[in-house]
Protein chains: 2
Amino acid sequence: MDDEATRARQELGLLLRRLNVELDAVGQRFADVHGLNRTDVRALVAIMDAARRGEALTAGRLGEAVDLRSASVTALVDRLERVGHVRRVRDPEDRRRVGLEMSQTAMAAGAEHFGGLARDLVGAMEGYSDEELAVVRRWLEDMTAVITRHARAEPPSPPS
Amino acid sequence: MDDEATRARQELGLLLRRLNVELDAVGQRFADVHGLNRTDVRALVAIMDAARRGEALTAGRLGEAVDLRSASVTALVDRLERVGHVRRVRDPEDRRRVGLEMSQTAMAAGAEHFGGLARDLVGAMEGYSDEELAVVRRWLEDMTAVITRHARAEPPSPPS
DNA sequence: GATAATCTCTCGACGATCGAGATAATCGAC
DNA sequence: GTCGATTATCTCGATCGTCGAGAGATTATC
């Protein structure tokens, strides 16, 4: 591959990084608007995702999802509960466990903020053909695979 | 646009979010390995980017780049200087200003971690034709524009 | 039942960030 | 040149998020 082709590919990597920065900024903005910190937002997203899958997250599983110790999860849920975004619900089957339920207002706020972004993204894709989006999809999956490998462990080079 | 087409586009949005999470994890991993926090990593990246552009970041500009007040920037630079990643250099022309220079070891560490990722990403793009990558590029730019608009201000809907 | 395992919470400490104000250097007007 | 306004950075004290250690409560195992 000649230099020109390599450089074009490197630029796509930089574009990806720029997109990453802006996407993080969207989350930061949601946090600012609602008086939350980044961890709180990550937690709400995790709870929403779980709810969408039909599961009710427990305190422990939330801690795994956002990588926090139990003491921090307690403080985190205290904060979210204090402002009314989540509710603690003791599991009747295993009363050690504490389920987490999102309030309707929190669900609505999240849907408005992130749902609006999703809607606009879909709108911006209207002009693309199915074939073009298939290419994009394959590319995204390939890039995600590479990135995930780097995120988990640091191989000197990809196990080719 | 029918439901099937819309759903395919929504899935690309989810793929993008997943990629974002993994990319953040790469930065987190760099932080873990080197005993830094996320802010420190963001600061080092900002300093590296500036250095690549041939500029030496001052303390104030670094604060703007990572969105921290001056008190926090002082503490931040103290941390980075203490472990030898950056050096304070008084600007001889305006001695109020403090320039920041990255150490060779820090540059090398960053190049190894993030440069390795960049190399692998380029490698994963080898199988794509120029035309395919042009589509991907256009798509990335379009998506970044939409995301940036949401990150800066929250319009009820894109100003179409 | 006794004991081990699991899940969450409490407590004390540490560290990152901030607001207010201090310090030092530069710029502009005279 | 000199003085006041401005700019850039730093110091100090306080606040808040996170953690480690361990307690309390519940369930599983024998």
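Chain naming here is simple, since letters A, B, ... match the order of the sequence lines and numbering starts at 1 in each. Atoms considered below: every heavy atom in the structure, side chains included; atoms not considered: hydrogens, waters and symmetry mates.
- As a whole-Å value, the separation of B:Arg90 CZ from D:dT7 C1' is 13 Å.
- Side-chain nitrogen and oxygen atoms of B:Ser72 include none within less than 4.0 Å of the OP1 or OP2 phosphate oxygen of C:dT17.
- Closest to the B:Asp94 side chain, of the nucleotides D:dG20, C:dT26, D:dC10, is C:dT26.
- Using a 4.0 Å heavy-atom distance criterion, B:Leu68 is classed as a sugar-phosphate-only contact.
- For the segment residues 48-64 of chain B, the set of residues with a heavy atom within less than 4.0 Å of an atom of DNA chain D comprises B:Thr58, B:Ala59, B:Gly60, in numerical order.
- Contact between the side-chain N/O atoms of B:Ser70 and the OP1/OP2 oxygens of D:dT9 is not found at any separation under 4.0 Å.
- Taking the six-membered ring for Trp and thresholds of 30 and 60 degrees, B:Phe30 and B:Phe114 have ring planes inclined between 30 and 60 degrees apart.
- For the pair A:Arg82 CZ and C:dC9 P, the computed distance is 13 Å after rounding to whole Å.
- Nearer to the 5' terminus of DNA chain D, by closest-nucleotide assignment, is the contact made by A:Ala71 (compared with the other of A:Ala71 and A:Glu93).
- Rounded to whole Å, the distance from CZ on B:Arg95 to C1' on C:dT23 is 13 Å.
- Nucleic acid contact class of B:Arg88 (heavy atoms, under 4.0 Å, all strands): sugar-phosphate only.
- Rounded to an integer number of Å, the gap from A:Asp32 CG to C:dT17 P is 15 Å.
- The side chain of A:Arg97 contributes no N or O atom lying less than 4.0 Å from OP1 or OP2 of C:dC7.
- Look at B:Thr39 and you'll find a side-chain N or O under 4.0 angstrom from OP1 or OP2 of C:dT17.
- Closest heavy-atom contact between B:Arg38 and B:Asp24: NH1-O, 3.4 Å.
- Taking the side chain as every heavy atom from C-beta outward, A:Val77 and A:Val98 never approach each other to under 4.5 Å.
- Comparing C:dT17, C:dC18, D:dC19 against the side chain of B:Arg79 picks out C:dT17 as the nearest.
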*Derivation of the salt bridge (Lys or Arg N to Asp or Glu O under 4.0 Å) call for B:Arg137 and A:Glu11*: CA-CA 9 Å; B:Arg137 182 193 187 104; A:Glu11 278 182 20; 2.9 Å; yes
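- Rounded to a whole Å, the CZ atom of A:Arg42 is 15 Å from the P atom of D:dG17.
- Residue B:Arg38 contributes atom CZ, which lies 12 Å from atom P of C:dT17 at whole-angstrom precision.
- A salt bridge links B:Glu22 to A:Arg152: one of the charged nitrogens lies within less than 4.0 Å of a carboxylate oxygen.
- Residue order along DNA chain D, read from the 5' end via each residue's closest nucleotide, puts A:Asp40 first among A:Asp40 and A:Asp91.
- In this entry the distance linking CG of A:Leu80 with P of D:dG17 reads 10 Å, nearest Å.
- Side chain of B:Glu132 to backbone of B:Ser129: a donor-acceptor contact under 3.5 angstrom is found.
- Heavy-atom contacts from other residues, nucleotides or ligands closer than 6.0 Å to CZ of B:Arg79 number more than 12.
- Shown here is B:Arg87, whose CZ atom has no more than 12 heavy atoms of other residues, nucleotides or ligands within 6.0 Å.
- Rounded to whole Å, atom C1' of D:dG17 lies 13 Å from atom CG of A:Leu36.
- The base of D:dT7 lies close enough to the side chain of B:Arg96 for a donor and an acceptor atom to sit less than 3.5 Å apart.
- The base-pairing partner of D:dC30, taking Watson-Crick or G-U wobble contacts with both distances under 3.5 Å, is C:dG1.
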